[in-house]
Colleague: 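Structure below; questions to follow.
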Number of protein chains: 2
Amino acid sequence: MSSPGLDRLTDLLHTRGERLTPARTAVLGVLEQQAGHLTAEEIVDLVAVAAPDVHRASVHRTLDLFSRLRLVQHLHPSHGPALYHLVDGHGHEHVHAECRSCGRIIDLPDGILDDVAARLLAETGFDLHAGHVTLSGLCRACQPEPSGTGTSVQP
Amino acid sequence: MSSPGLDRLTDLLHTRGERLTPARTAVLGVLEQQAGHLTAEEIVDLVAVAAPDVHRASVHRTLDLFSRLRLVQHLHPSHGPALYHLVDGHGHEHVHAECRSCGRIIDLPDGILDDVAARLLAETGFDLHAGHVTLSGLCRACQPEPSGTGTSVQP
DNA sequence: ATGAGTGCAAAGTGTTTGCAACTAT
DNA sequence: ATAGTTGCAAACACTTTGCACTCAT
């Protein structure tokens, strides 16, 4: 019944004098079993299966805590609730992109913002946190098709 | 009582068979007089001075419309309400950064995401809309000071 | 034993909606 | 004339908070 995530969480909590509770264990369990980007509400529902007494407010409080511990990443899509997922085993966060047409969330290759981060730091003193960035645009599937016959001209 | 913005708005509306109303004129007027990044609520309050009958819901509807017309840019900070501002006279949108400590919004140099956009398009087919991106990080003022005497050691 | 953490319900924040009345065209 | 817009109030979606109680340490 153990897991690398649980060991990591236990460590992080004990280091800070905080406690390992059923709510926290249950939220971690859900995040470990679900790969995608989950809303707090979805996590509430999934937690309810294993731990029916865990309240919605505790899930929010737990997700806030896990974010502060850098155990989960969260992002704010342009519409709708925040999305959460576990940071990978090496503590490596990644950048997200959201399609403004279909809403799909895409995980981007790590390091895609490294050059921008370096330039920002040098030019403006701004220290970019790439793991909390959501880029916006159109995914491949949602792009308008190029017209088939070459340059488009009005009749 | 005219302005480049008003002319532009009138054109955009008439082209699409939509109407120039007092609510729309008033919202445009506020955006033209205020340089910064305004919340819908702030715009409601400012509009109330010149046009007391314009309702909060109409301001939201107008801001949605202006966004669709690409007359205003809006961004969603990680906490709190959306922020709006007029796109510059040349229709040029820019990228924003938000300090996760003090909340300050910084306008970034144009083109800062051009390379990323090109790479994204080539590698993943994602067409980036840089004008709707908010980068997250720490502004210069909020960064932890480097310790003055070299490596920091506990006494 | 003790205070960090919880369940609960209620309030909060920001935005959207249904509809009758109004008004720019 | 008539369809696009509006004001209004209520609903909505999501999150946060105050408080008494509980339980991990």
Side-chain angles (χ1 to χ4, degrees), chain A residues 1 6 9-28 37-45 47-48 50-69 71-72 74-84 103 134, chain B residues 1 6-7 9-28 30 37-48 50-69 71-72 74-84 98 103 134:
Chain A
M1 291 303 170
L6 189 55
L9 176 59
T10 307
D11 273 6
L12 284 167
L13 292 176
H14 286 181
T15 302
R16 303 165 54 120
E18 287 170 340
R19 297 174 183 179
L20 186 62
T21 65
R24 290 166 180 183
T25 311
V27 170
L28 179 69
H37 308 90
L38 301 175
T39 67
E41 222 24 56
E42 287 166 346
I43 296 169
V44 166
D45 291 345
V47 161
D53 289 345
V54 172
H55 194 266
R56 138 204 265 66
S58 294
V59 170
H60 278 278
R61 286 186 279 226
T62 299
L63 290 169
D64 285 355
L65 173 67
F66 285 6
S67 293
R68 267 177 281 123
L69 297 177
L71 204 62
V72 311
H74 67 278
L75 56 126
H76 303 274
S78 47
H79 297 299
L83 299 173
Y84 299 84
T134 304
Chain B
M1 291 305 168
L6 189 56
D7 294 346
L9 175 59
T10 307
D11 272 5
L12 284 168
L13 292 176
H14 286 181
T15 301
R16 303 165 54 120
E18 288 170 338
R19 296 173 183 179
L20 186 62
T21 66
R24 290 165 180 185
T25 311
V27 170
L28 180 68
V30 164
H37 308 89
L38 301 174
T39 67
E41 222 23 56
E42 287 166 346
I43 296 169
V44 167
D45 291 345
L46 290 165
V47 162
D53 289 344
V54 172
H55 194 266
R56 142 204 263 61
S58 295
V59 170
H60 279 277
R61 286 187 279 227
T62 300
L63 290 170
D64 285 355
L65 173 67
F66 286 6
S67 293
R68 267 177 281 125
L69 297 177
L71 205 62
V72 311
H74 68 278
L75 56 128
H76 302 274
S78 47
H79 297 300
L83 299 173
Y84 299 84
E98 177 190 24
T134 305

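Reminder, nothing fancy here: chain letters follow the sequence lines and each chain counts from 1.
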Colleague: Any donor-acceptor pair, under 3.5 Å, between the side chain of R61(B) and the base of dG4(D), if you only look at N and O atoms?
Modeller: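 Side chain to base: no pair present.
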Colleague: Of the candidate nucleotides dT16(D), dC23(D), dT6(D), which contains the atom at the shortest distance from the side chain of R19(A)?
Modeller: dC23(D)
Colleague: Whole angstroms only, please: what is the CG-P distance between L6(A) and dA24(D)?
Modeller: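 Distance, rounded to whole Å: 14 Å.
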Colleague: So, taking the atom named CG in L69(A) and the one named CG in D11(A), what distance separates them when rounded to the nearest 0.5 Å?
Modeller: 11.5 Å
Colleague: Would you mind reading off the distance between L65(B) atom CG and dT6(D) atom C1', rounded to a whole angstrom?
Modeller: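 From L65(B) CG to dT6(D) C1': 13 Å.
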Colleague: Judged by each residue's nearest nucleotide on DNA chain D, which is more toward the 5′ side, H79(B) or S58(B)?
Modeller: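 With S58(B) and H79(B) compared, the 5'-side residue is S58(B).
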Colleague: Can you tell me the distance, in whole Å, between the CG atom of L63(B) and the P atom of dT6(D)?
Modeller: 12 Å
Colleague: Given 3.5 Å as the limit, does a donor-acceptor pair link the side chain of R56(B) with the main chain of V44(B), or not?
Modeller: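 Answer holds: no.
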Colleague: Using whole Å, report how far NE2 of H55(A) lies from P of dC14(D).
Modeller: 16 Å
Colleague: What are the two closest non-hydrogen atoms of A40(A) and H60(A), and how far apart are they?
Modeller: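 The answer is CB-CE1, 3.5 Å.
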Colleague: When rounded to the nearest 0.5 angstrom, what distance separates NE2 in H14(A) from OG1 in T10(A)?
Modeller: 6.0 Å
Colleague: Show the nearest heavy-atom pair for residues T134(B) and E98(B), with the distance to one decimal.
Modeller: CG2-CB, 3.9 Å
Colleague: Does a side-chain N or O of T39(A) approach OP1 or OP2 of dC14(D) to a distance below 4.0 Å, or not?
Modeller: no
Colleague: On DNA chain C, does the nearest nucleotide to A57(B) precede the nearest nucleotide to P22(B) from the 5' side, or the other way round? Give the residue.
Modeller: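 By nearest-heavy-atom nucleotide position, the 5'-most residue is A57(B).
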Colleague: Answer with base, sugar-phosphate or nothing: what part of the nucleic acid does E41(A) contact at a heavy-atom distance below 4.0 Å?
Modeller: nothing
Colleague: To the nearest Å, how far apart are H14(A) NE2 and dA24(D) C1'?
Modeller: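 In whole Å, dA24(D) C1' and H14(A) NE2 are 8 Å from each other.
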Colleague: Heavy atoms of chain B, cut-off under 4.0 Å: which first and last nucleotide of DNA chain C, 5' to 3', fall inside that, if you could look?
Modeller: dG14(C) to dT25(C)
Colleague: Among dC8(D), dT6(D), dT15(D), which nucleotide sits nearest the side chain of H60(A)?
Modeller: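 Of dC8(D), dT6(D), dT15(D), dT15(D) is nearest to the side chain of H60(A).
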Colleague: Let's go through L83(A) and L38(A) carefully: what are the C-alpha distance in whole Å and the side-chain angles of both, what is the deciding distance for side-chain contact (heavy atoms from CB on, under 4.5 Å) to 0.1 Å, and is it a yes or a no?
Modeller: CA-CA 5 Å; L83(A) 299 173; L38(A) 301 175; over 6 Å; no
Colleague: Find the distance between CG (L71(A)) and CG (L65(A)) and round it off to the nearest 0.5 Å.
Modeller: 8.5 Å
Colleague: Between I43(A) (CD1) and dC14(D) (C1'), how many Å, whole number?
Modeller: 14 Å
Colleague: In whole Å, what is the span from the CZ atom of R24(B) to the C1' atom of dT5(D)?
Modeller: 7 Å
Colleague: What is the distance from CZ of R56(A) to C1' of dA13(D), rounded to the nearest Å?
Modeller: 11 Å
